[in-house]
Every structure is written in C-alpha cells, then in structure tokens.
Amino acid sequence: MAESLKGKVAVITGVGSGFGKATAELFAELDQVNLVLIDYNKDALEATAEACRGFGSKVIALDADVTKSKTFEKALKESLDNFGQVDFLINYAGGALKVAPIEEMDDKINKKIIDLNLTSTIMSCRTFTPQFKEQGYGKIINVSSACDRRSWPGWSVYSAAKAAVNSFT
C-alpha cells in the first residue's frame, strides 16, 4: 500500500492540460492533497482547479506566467499563508512554441522556448529550495521530455532546453 499524501501540499505548474492536469487531479482524487496550481490559461486552470476541489482538495489557482520569478514567489507565499508548508514542487510547464528548422527560429522565439522550459525550472527551484531546507524536507520533480535525448527536425531548441533541464536537475 502506498503512503498517503493526505495533508501534504503540492505546487504544480502547467496544470491546464496534459500531465500537469492529470497529476493535480490524481493528487486530489486519491489523497485530497492541498494544491497551489499554476497555469497561464485561466479557463483551463479554473477547470482543473474545480475538478480538484470536487475531489475534496483545497486549491489555490494562480493564473500566472512561469517565466517570471514573481510567479514562484507568490506561489510560495500562498502555500505558506494558506497551508503553512509546501511538500512538493512539480514543474510541468513547458512547450515547443514553434517547430521549425533552426534557420527559421529567431532569437525572440528561442528565448521564449528556453525561458518557458529551462529558466522557469531554475527560478522555481531557486525560490522553493530555501523553504525545503528550512523545513528539513521537500521534493522537487522537474519534468522533461523524450526530446531531451533525441531531437527531431524542427525541435532542436526545445530539445536543447529539455536536455538542459535534465542536466540542471
């Protein structure tokens, strides 16, 4: 039997769809984990938050940009103000944003891809690590991609960012 996570607090990014959404809903359904959910898509965020509340979890939903450090500062503050602790930081937010040959990728889109996939992970870890050290516990899960080991045509910048997430982690 798995250990119950009831009463634990998880901060999860990228919860509007995919694995982030599924993880938040599973945490809520199985153990009513207290959640601080982050996504830039307000409608998708609210749908996930409502589903989690329906399972009995207490949820703080932050419509925010993970490429800004203030997002993680606010998430940490909300966790501590509302739940008194944070047990998990799960970084799902990411995306390719544009799939094209490298010669068609300008500096602006390259920076956006790197910031969304890598810099956001670094910022979140930098923000939450002192709290985990102070508490004497905490788990960080940085989610990467199969693209971190094999890149397909047009995916080079995204693949590089995800490989960097693995190296950072």
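- Hydrophobic clustering of Ile, Leu, Val, Met, Phe, Trp and Tyr side chains at less than 4.5 Å, counting indirect connections, keeps Tyr40 apart from Val143.
- The neighbour count for Lys112 NZ, taken as heavy atoms of other residues, nucleotides or ligands under 6.0 Å away, does not exceed 12.
- Listed for the Ser144 side chain is no donor-acceptor partner under 3.5 Å among the backbone atoms of Val165.
- Looking at Ile140 and Thr129, their side chains come closer than 4.5 Å, going by heavy atoms from C-beta outward.
- Atom CD1 of Ile109 is separated from atom NZ of Lys98 by 6.5 Å, given to the nearest 0.5 angstrom.
- Residues Phe55 and Leu30 form no side-chain contact, since every pair of their non-hydrogen atoms from C-beta on lies 4.5 Å or further apart.
- Side-chain contact between Leu35 and Ile12 is present, with at least one heavy-atom pair separated by less than 4.5 Å.
- Taking the salt bridge (Lys or Arg N to Asp or Glu O under 4.0 Å) definition, one finds that Lys77 meets it with Asp81, sequence neighbours left out.
- With hydrogens and angles ignored, the 3.5 Å screen pairs no side-chain donor or acceptor of Ser57 with any backbone N or O of Val59.
- Of the listed residues (Val36, Leu89, Val86), just one forms a side chain to side chain contact (heavy atoms under 4.5 Å, CB included) with Leu76, and that residue is Val86.
- Distance check: Glu46 CD to Glu50 CD gives 6.5 Å after rounding to the nearest 0.5 Å.
- Grouping the Ile, Leu, Val, Met, Phe, Trp and Tyr side chains by contacts below 4.5 angstrom, directly or via other members, places Ile38 apart from Val33.
- Here the shortest heavy-atom pairing between Leu118 and Ala161 reads CB-O, 4.2 Å.
- Here the shortest heavy-atom pairing between Ala61 and Ala49 reads CB-CB, 4.0 Å.
- Within 6.0 Å of atom CZ in Phe83, more than 12 heavy atoms from other residues, nucleotides or ligands are found, so the atom counts as buried in its surroundings.
- Taking every heavy atom of both residues into account, Ala44 and Gly16 meet most closely at CB-O, 3.5 Å.
- At a threshold of 4.5 Å between non-hydrogen side-chain atoms, the residues Ile60 and Leu62 count as touching.
- At distances below 3.5 Å, at least one donor-acceptor pair connects side-chain atoms of Gln32 with backbone N or O atoms of Ala28.
- Under a hydrophobic-cluster definition in which Ile, Leu, Val, Met, Phe, Trp and Tyr are linked whenever side-chain heavy atoms come within less than 4.5 Å, directly or via other members, Leu5 and Leu26 are assigned to different clusters.
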If you apply the rule side-chain hydrogen bond (donor to acceptor under 3.5 Å, both in side chains), what do you find for Asp115 with Thr67, and how did you get there?
CA-CA 6 Å; Asp115 284 350; Thr67 68; 5.7 Å; no
The test is side-chain contact (heavy atoms from CB on, under 4.5 Å); show your working for Lys8 and Asp31 and say whether it passes.
CA-CA 9 Å; Lys8 301 289 185 183; Asp31 290 312; over 6 Å; no
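- Minimum heavy-atom separation, Val15 to Ala24: CG1-CB, 4.4 Å.
- Partners of Asn82 according to the side-chain hydrogen bond (donor to acceptor under 3.5 Å, both in side chains) rule, which considers only residues two or more places apart in sequence or in another chain, are Glu78.
- Proximity of a side-chain donor or acceptor of Ser69 to a complementary backbone N or O of Met123 within less than 3.5 Å is not detected.
- Tracing side-chain contacts under 4.5 Å through hydrophobic residues (I, L, V, M, F, W, Y), one reaches Val157 starting from Ile122; they form part of the same cluster.
- Looking at Ser79 and Gln85, their side chains never come closer than 4.5 Å, going by heavy atoms from C-beta outward.
- A salt bridge is absent between Lys70 and Glu73; no separation between the charged side-chain nitrogens and carboxylate oxygens falls under 4.0 Å.
- Using a 4.5 Å cut-off on side-chain heavy atoms (C-beta onward), Leu37 and Leu45 make contact.
- Applying the ring-ring contact (aromatic ring centres under 6.0 Å, His included) definition to pairs two or more places apart or across chains, those involving residues 5-28 are Phe27-Phe88.
- Contact of the Asn142 side chain with the Cys125 side chain is registered, since non-hydrogen atoms from C-beta on lie closer than 4.5 Å.
- Residue pairs meeting the ring-ring contact (aromatic ring centres under 6.0 Å, His included) criterion with at least one member in residues 113-145: none, sequence neighbours excluded.
- A distance-only check finds no donor-acceptor pair linking the side chain of Arg53 to the backbone of Lys58 [under 3.5 Å].
- A pairwise comparison of heavy atoms in Ala93 and Thr13 identifies N-OG1, 3.0 Å as the closest pair.
- A heavy-atom distance below 4.5 Å is found between the side chains of Thr23 and Ile90.
- Within the structure, ring-ring contact (aromatic ring centres under 6.0 Å, His included) pairs that include any residue of residues 150-169 comprise Trp155-Tyr158 (at least two apart or interchain).
- A donor-acceptor pair under 3.5 Å links the side-chain atoms of Thr71 to the main chain of Asp65, judged by distance alone.
- Gly7 approaches Asp87 most closely through the heavy-atom pair O-OD2, 4.4 Å.
- Placement of Val66 and Ile113 within a single hydrophobic cluster is found when ILVMFWY residues are connected by side-chain heavy-atom separations under 4.5 Å, directly or transitively.
- In this structure, Asp106 contributes its side chain and Lys108 its backbone to a donor-acceptor pair below 3.5 Å.
- Between the side chains of Ser124 and Asn91, a donor-acceptor pair is found at a separation under 3.5 Å.
- Scanning for side-chain hydrogen bond (donor to acceptor under 3.5 Å, both in side chains) contacts around Asn117 gives Lys162, with sequence neighbours left out.
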